[in-house]
Amino acid sequence: MSAAPVDLPRWADVAMVPLVSVAAALLVAGLVVVGIGENPLEATALLLRGALGSAEGIGFTLYYATNFIFTGLAVAVAFHAGLFNIGGEGQATVAGIAMAIACLALPALPGFLAAPFAILAAAAGGAVYAFIPGWLQARRGSHVVITTIMLNFVAATLIVYLLREIIGKPGSMQPETPDFPAQAVLTPMHQWLTPFGIDLPSTPLNTAFLLALMALVAVWLLIWRTRLGYAIRTVGANPRAAAYAGISPAAVTMIAMAISGALAGGLAVNEALGVQHRLVLDFTAGYGFVGIAVALMGRGHPAGVGLAALLFGVLYQGGAELSFDKPAITRDMVVVIGGVLVLFAGALDGLFRRLVARVLRVGGGAA
Amino acid sequence: MDLLQTIAVVLDSMIRLSIPLICAAMAGLWSERAGVVDIGLEGKMLIAAFASAVAAFVTGSAWAGLGAGILASLALALVYGFAAITWRGNQIVSGVAVNMLAAGLTVILGNAWYGQGGRTPSLEGAARFGELTLPFAGWARANVPGLGLFYDEVVSGHAAPAYLAFLCVLVTALVLKCTRFGLRIRAVGENPAAVDTAGISVASLRYGAVAICGVLCGIGGTYLAVAQSAGFLPHMTAGRGFIALAAVIFANWRPWPALGACLLFGLLDAIAIRLQGVTLPGIGLVPVEAIQALPYLMTIVLLAGFIGKATPPKASGLPYVKER
């Protein structure tokens, strides 16, 4: 990303740089905690206990991680094609709208069809809304970063209008749709596991988590094991070389954006179809932006994205528990940590690589 | 209320709503003309709004608020410069980081200090920028038909940073066009290698532009919290940094057209507020959201080259690497 890259051994590139960035980001967060007069070690202990100390905590953690897996993968797929998709929020919003219309307007489908149909509608909505900036970049030369930012705001105004005028719940002052038909919504995980004799506390964790895990595997297969994935990586590395090799960068740009948007639609599936069972305003709640941090930290690899999503799940759930005990430390701390991570793992990548390289050289010299 | 009065009131509200956009657009203009794409205008305005509200509350002086707002925004701009210029990080990624940092920090600190969910206490008296009445405003309204009303209603009666914002447009336009520094800034955005060859430091010029950008965002954010509102609200910039970015693109990276675009977007906002809940014959209830989405849609259409053509500075978005 930055010029004059520092050569690092592969293990250091994959593991050390993200780990050092995470450590540095947590250090900054710790300083903020000190700055508002709380004890960072105590806060960390509370956070970890809240996120991982009970079956309920773990359920919530994985539920949040589901959102981050989807938005992180969305950013990562676009990254591989050399595109920066900041439009995850807008794409998830439109995915939610498409899903709500599919759930509410169409005649009730039988149970085994309703949920897949709703999920497909969400993926299609997100894909179409990401295809637009992809098409604009490929065919009209407008930069995907700016158009996705603008489209985020268009989607935000669109959902306000639709929830108030068209698909809103009749007679309700809340900006929300009526409840989705019961056969369309996803099964909570604790109900899934009851027949197997596993008794879990009730959490929002639902089938969408399994979808997210499948998406991780599918993206890995797509990027590293298919012809399309090869084309995506080639265009990302060098569009001119790709064109010379007979790959159309324009087509790959549009396809990669559409896939990215479809993945962002997973956020709507988990939130609306899995938990709320209706579409509410602002259900995207910034998950799309944190997805950028997740993708950068995960180095664009599904395994890394999974781990980074888990970390943010822990921070989110632990942060919620922490703010019960320490009202001064709100969950916005996660946004700060996300911001610092984007700065360290993304923008200051060059600095951190050099630091790691220096440490390794010193270590190697001593040995 | 007669038509003239209504128009005057809408124009007055247009000016008020445009001020933060104008400051942020000039800020973005400086940065982008120097070849540094800045999607972090939003974050810098937000942190300035927060810092200015806190400082104005603590000191009781709106001007101290302005100073604090500018300093906070400048600090964030320098962090951005450190990542994007010194370490040649991806400018978009750095901008995203700036926005996230500001969004999180302001709410956390506000909540920790004042415990009102991130709001700061409301400002009163000298802690807020009052409305300045320009000379002869009352006299003109009484004695000059038509124009006098507009002078009193639209031109007069704004807070001090509002007039400062218009001054910033003038200074930006003049400095960029007529001074050696301005020429160098423009050159470093088009062809940094040529600037480097001439023995001028690309990095310090870009740092200069990014710092000016920080100061201007500081004025815009302060206006929001200390003049337009009476205190800080979480996420109070609400996308204005991005509308300003849209205005810069819309104006093809030129100061006076950028002012025009900001006023146009401010006017749309003023009309949207005015038409909230109004039923027009033939249209029915006005879909205010459609008007609010217009700036974004217009920018997309413009970028796509359907109306006119957007030509950004040639080197914008590219970190400069000296040849080895």
Side-chain angles (χ1 to χ4, degrees), chain A residues 1-4 32-33 35-38 84 86 132-133 136 139-143 145-147 149-162 164-165 286 289-290 292-293 296 327-330 332-351 354, chain B residues 37 39 43 79-80 82-84 86-109 111-113 115 117-118 234 239 242-243 245-246 249 285 287-293 295-297 299-300 302-306 310 312 317 319-321 324:
Chain A
M1 200 168 291
S2 69
V32 174
V33 171
I36 56 182
E38 296 284 351
F84 199 168
I86 314 192
I132 298 170
L136 285 170
R139 296 278 181 245
R140 311 290 312 188
S142 38
H143 205 290
V145 167
I146 305 292
T147 42
I149 291 176
M150 300 298 154
L151 285 172
N152 277 345
F153 287 99
V154 174
T157 50
L158 183 69
I159 192 174
V160 172
Y161 174 75
L162 289 177
R164 201 189 58 220
E165 300 288 337
F289 290 117
V290 180
I292 298 168
L296 283 171
I329 310 174
T330 60
D332 297 277
M333 187 59 93
V334 183
V335 181
V336 177
I337 295 177
V340 179
L341 268 177
V342 171
L343 190 68
F344 287 173
L348 285 172
D349 190 54
L351 170 66
R354 184 160 300 187
Chain B
V37 167
I39 64 165
V79 170
Y80 177 73
F82 180 70
T86 306
W87 285 97
R88 301 186 205 99
N90 183 313
Q91 296 172 2
I92 306 294
V93 174
S94 316
V96 170
V98 163
N99 289 337
M100 288 177 77
L101 277 177
L105 275 180
T106 49
V107 180
I108 287 202
L109 294 180
N111 192 51
W113 291 342
F242 295 110
I243 295 205
L245 195 65
I249 296 167
L285 199 63
V288 174
E289 287 82 11
I291 306 176
Q292 285 167 341
Y296 305 114
L297 288 172
T299 307
I300 293 172
L302 179 86
L303 274 174
F306 292 119
Y320 178 65
V321 189
R324 277 160 226 279

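In what follows, every chain begins at residue 1, and chains take the letters A, B, ... in the order their sequences are listed.
Of the two parts of I243(B), neither the backbone nor the side chain holds a non-hydrogen atom closer than 4.5 Å to a non-hydrogen atom of chain A. Neither the backbone nor the side chain of L158(A) comes within contact range of chain B, judged by heavy atoms closer than 4.5 Å. For R164(A), the part lying near chain B is the side chain, with the backbone staying farther off; criterion is any non-hydrogen pair under 4.5 Å. Looking at E165(A), only its side chain comes within 4.5 Å of chain B, counting heavy atoms on both sides.
Using a 4.5 Å cut-off on side-chain heavy atoms (C-beta onward), T157(A) and Y296(B) make no contact. For the pair R140(A) and L303(B), the minimum side-chain heavy-atom distance is 4.5 Å or more.
Distance CD1/I292(A) to CD1/I92(B): 10.0 Å, rounded to 0.5 Å. If you take CG on L343(A) and CH2 on W87(B), they are separated by 13.0 Å, rounding to the nearest 0.5 Å. For the atom pair CD1 of I337(A) and CG of L101(B), the computed distance is 11.0 Å after rounding to the nearest 0.5 Å.
Without hydrogens or angle criteria, N111(B) side chain to P327(A) main chain gives a donor-acceptor distance under 3.5 Å.
In terms of heavy atoms, A246(B) sits closest to M150(A) at CB-CE, 3.7 Å. The shortest non-hydrogen separation linking Y161(A) to E289(B) is CD1-OE1, 3.6 Å. When all heavy atoms of A112(B) and A328(A) are compared, the pair lying nearest together is CB-O, 4.1 Å. Shown here for G104(B) and V335(A), the closest heavy-atom pair between the two residues is N-CG1, 3.9 Å.
Options I329(A), L341(A), L136(A), V145(A) differ in how many heavy-atom pairs under 4.5 Å they form with chain B, and the most are formed by V145(A). Ranked by heavy-atom pairs under 4.5 Å with chain B, the list G286(A), S142(A), A293(A), A156(A) is led by S142(A). When I300(B), T299(B), I39(B) are compared by the number of non-hydrogen pairs under 4.5 Å with chain A, I300(B) comes out ahead. Between chain A and the options A290(B), G117(B), A83(B), A103(B), the largest number of non-hydrogen pairs under 4.5 Å is found for A83(B). Between chain A and the options N99(B), L109(B), V98(B), V96(B), heavy-atom pairs under 4.5 Å are most frequent for V96(B). With chain B as partner, the option from T330(A), N152(A), V334(A) having the largest number of non-hydrogen pairs under 4.5 angstrom is T330(A).
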